[in-house]
Amino acid sequence: MFVRTRFAPSPTGYLHVGGLRTALYAYLFAKQHQGTFILRIEDTDQSRKVEGATEKLIDALEWAGVEFDEGPGKEGVYGPYIQSQRLPIYHEHVKQLVDQGKAYHCFCTPERLERLKAEGGTMYDRHCRNISMDEARRRVSAGEPNVIRMKIPDDGELQFHDEVRGDVSIAFSTIDDQVLLKSDGFPTYHLAVVVDDHTMAVSHVIRGEEWLPSTPKHILLYQYFGWEKPKFAHLPLLLNPDKSKLSKRQGDVAVEDYRAKGYLKDALVNFVAFLGWNPGDEREIFSMEELVKEFSIERVGKAGAVFNIEKLNWMNQQHIKLQSESKLLPLIKPLLKLKGWDSFSDEYLQQVIGLMKERVVVTDDFVTSCPYFYEDPLSYDETSRAKNWKPETTGYIAKLIERLQTLVLFDAASVETALRTTADEFQVGAGKLIHPMRLAVSGAANGPSLFHMAEVLGRERVVRRIQKALEMLR
RNA sequence: GGCGCUAUCGUCUAGCGGCUAGGACGGAGCCCUCUCAAGGCUUAAACACGGGUUCGAUUCCCGUUAGCGCUACCA
């Protein structure tokens, strides 16, 4: 099968997670069939221009690992890939339609259109459809503002097959004479999408469900042009927890937001892939490579899916656990730098990552949940102090620190032996020393294994912190 | 309002005529344990409603209801 898919966002300033999923599905489908994945920028609305939006979009896609083969900056024979740079192509095509009587100039003013609507009209009344070609040409050359509308048949219906929804049919009587070319000379989405998908040889149009109702118009255009139509697949929407269309108001929707919050690209990609698709068995953790191998349009669901942060968190945790310390390291270093903690060796940090990997949900946690790996405790957890630092504790710890100072090898096993021996001497449980020592060394009530933590921190820090705690906590 | 799409635990979902309706997240409990996690085990929790078709419907058909989408010279 010859496959070319595309992701065709309008440059709004950021990549929406729903857009990420649409792009991902189109990408997975193309890659799986050794096809081509195209990025096309749909910027035909001049009033909605956002500076730098395309760059941000590309940046987010690249971060996520959804790499396009053709698109802005990767010009192929089908370019340009930015619609505002393709105006002549649209003009040439729409002229053809007008000449063939499949579209017509409409001179109705915005005021007239508004009046029509105010009077209860739900569709354009086709007022300009009957203007003769000659008159239309005359008025156009006289400079009268106009748009070009496509003629929709009076009756009948259009049926088409959707790869995820099956057969869909819509009566022509419910479809408006769609504007194809705006008065500013820019095409509307409907014209541009059809012309571009055809001229770019797109084989499968994979897009959001919001486009389903206008697909008949698009198919009619393919017929008007005498082109073979691509296959269509309309994806279910991503929803807010209250089931409304996923929006900014109810949380983060930009891919950049999740990136900034410390989610791994693998986790976000895995998660959005599973919003509307599953492999049919019980596996859930997938890499991009596995998704490419296993994805299938047939298994894409039809119902909208709520974007559930809790599950994303779990998935991120799973992916962090799977990631090696060395892969995680470059993700953590910039975060440490922000805190001014940038003097640690890679080796030390990888040990910290090894201990923390199973206890974090986002990468920020490697920094914020365990400051004790980067600086001496500034305070001590009050609850733990009240519970674990009794009057007799000072004596135990004082003895323990002596032993720690004389250890030949300061590793987890030796520290543990030293602590348990001390506990035995005082005839108390090891817990009577473990908890106070943890408090002294980290200032926190919980964290990784105390003995391993001690090994990673090293004798110097551990001894220093315990001595300080002995003064502070007595 | 019109048109369209959709409908299994709270959430993501499996199921493609016969199942004790399965899994995952989250919740509860237990185990492990130096704490927190991780992990293991157990548990509560769903077929929107009403008609058909059928020996038999979660599954097929038709309604109803609900949700969502579209209804721009926005995409």
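Since we're looking at a predicted model, the values are computed, not measured. Keep in mind that the numbers below use all heavy atoms, side chains included, and drop hydrogens, waters and symmetry copies. Note on naming: letters A, B, ... go to the chains in the order of the sequence lines (proteins, then strands), and numbering restarts at 1 for each one.
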Item to complete: Give a yes-or-no answer on whether the side chains of A:Asp257 and A:Tyr14 include a donor-acceptor pair shorter than 3.5 Å.
Response: no
Discussion item. Would you say the ring centers of A:Tyr258 and A:Phe271 fall short of 6.0 Å from each other?
Written reply: no
Discussion item. Could you tell me the Watson-Crick or G-U partner of B:U20, where both distances fall under 3.5 Å? Say none if there is no partner.
Written reply: none
Worksheet item: Nearest-Å distance, CG (A:Asn278) to P (B:G22)?
Response: 17 Å
Discussion item. Between the base of B:C68 and the side chain of A:Ser244, is there a donor and acceptor pair under 3.5 angstrom?
Written reply: no
Worksheet entry | Closest-nucleotide ordering on RNA chain B, the 5'-leading residue of A:Ala430 and A:Phe307 | A:Phe307
Discussion item. Is the phosphate of B:G39 approached by A:Lys321 (side-chain N or O, under 4.0 Å from OP1 or OP2)?
Written reply: yes
Item to complete: Just name whichever nucleotide pairs with B:U43, Watson-Crick or G-U, keeping both distances under 3.5 Å, else none.
Response: B:G27
Worksheet item: Run the side chain to side chain donor-acceptor pair (under 3.5 Å) check on A:Asp424 and A:Thr421 step by step: do they pass?
Response: CA-CA 5 Å; A:Asp424 285 347; A:Thr421 307; 5.8 Å; no
Item to complete: Indicate yes or no: does A:Arg299 engage A:Glu294 in a salt bridge with an N to O separation below 4.0 Å.
Response: no
Worksheet item: Ignoring hydrogens and angles, does a donor from either the side chain of A:Ser183 or the base of B:C73 sit under 3.5 Å from an acceptor on the other?
Response: yes
Item to complete: Tell whether A:Arg438 reaches the base of B:C34 with its side chain through a donor-acceptor pair below 3.5 angstrom.
Response: yes
Fill in: Length of the CD-P vector between A:Gln318 and B:A38, whole Å
9 Å
Worksheet item: Whole Å only: how far is the CH2 atom of A:Trp211 from the P atom of B:A72?
Response: 13 Å
Worksheet, complete the sentence: Rounded to whole Å, the NZ-P distance (A:Lys217 to B:G69) equals 17 Å
Discussion item. Let me spell it out: for each of A:Lys311 and A:Glu209, pick the nucleotide of RNA chain B with the closest heavy atom. Which residue's pick is nearer the 5' end?
Written reply: A:Glu209
Fill in: Watson-Crick or G-U counterpart of B:A7, or none if no pair lies under 3.5 Å
B:U65
Item to complete: Report the nucleotide, chosen from B:G23, B:G26, B:C74, that has the shortest atom-to-atom distance to any side-chain atom of A:Asp45.
Response: B:C74
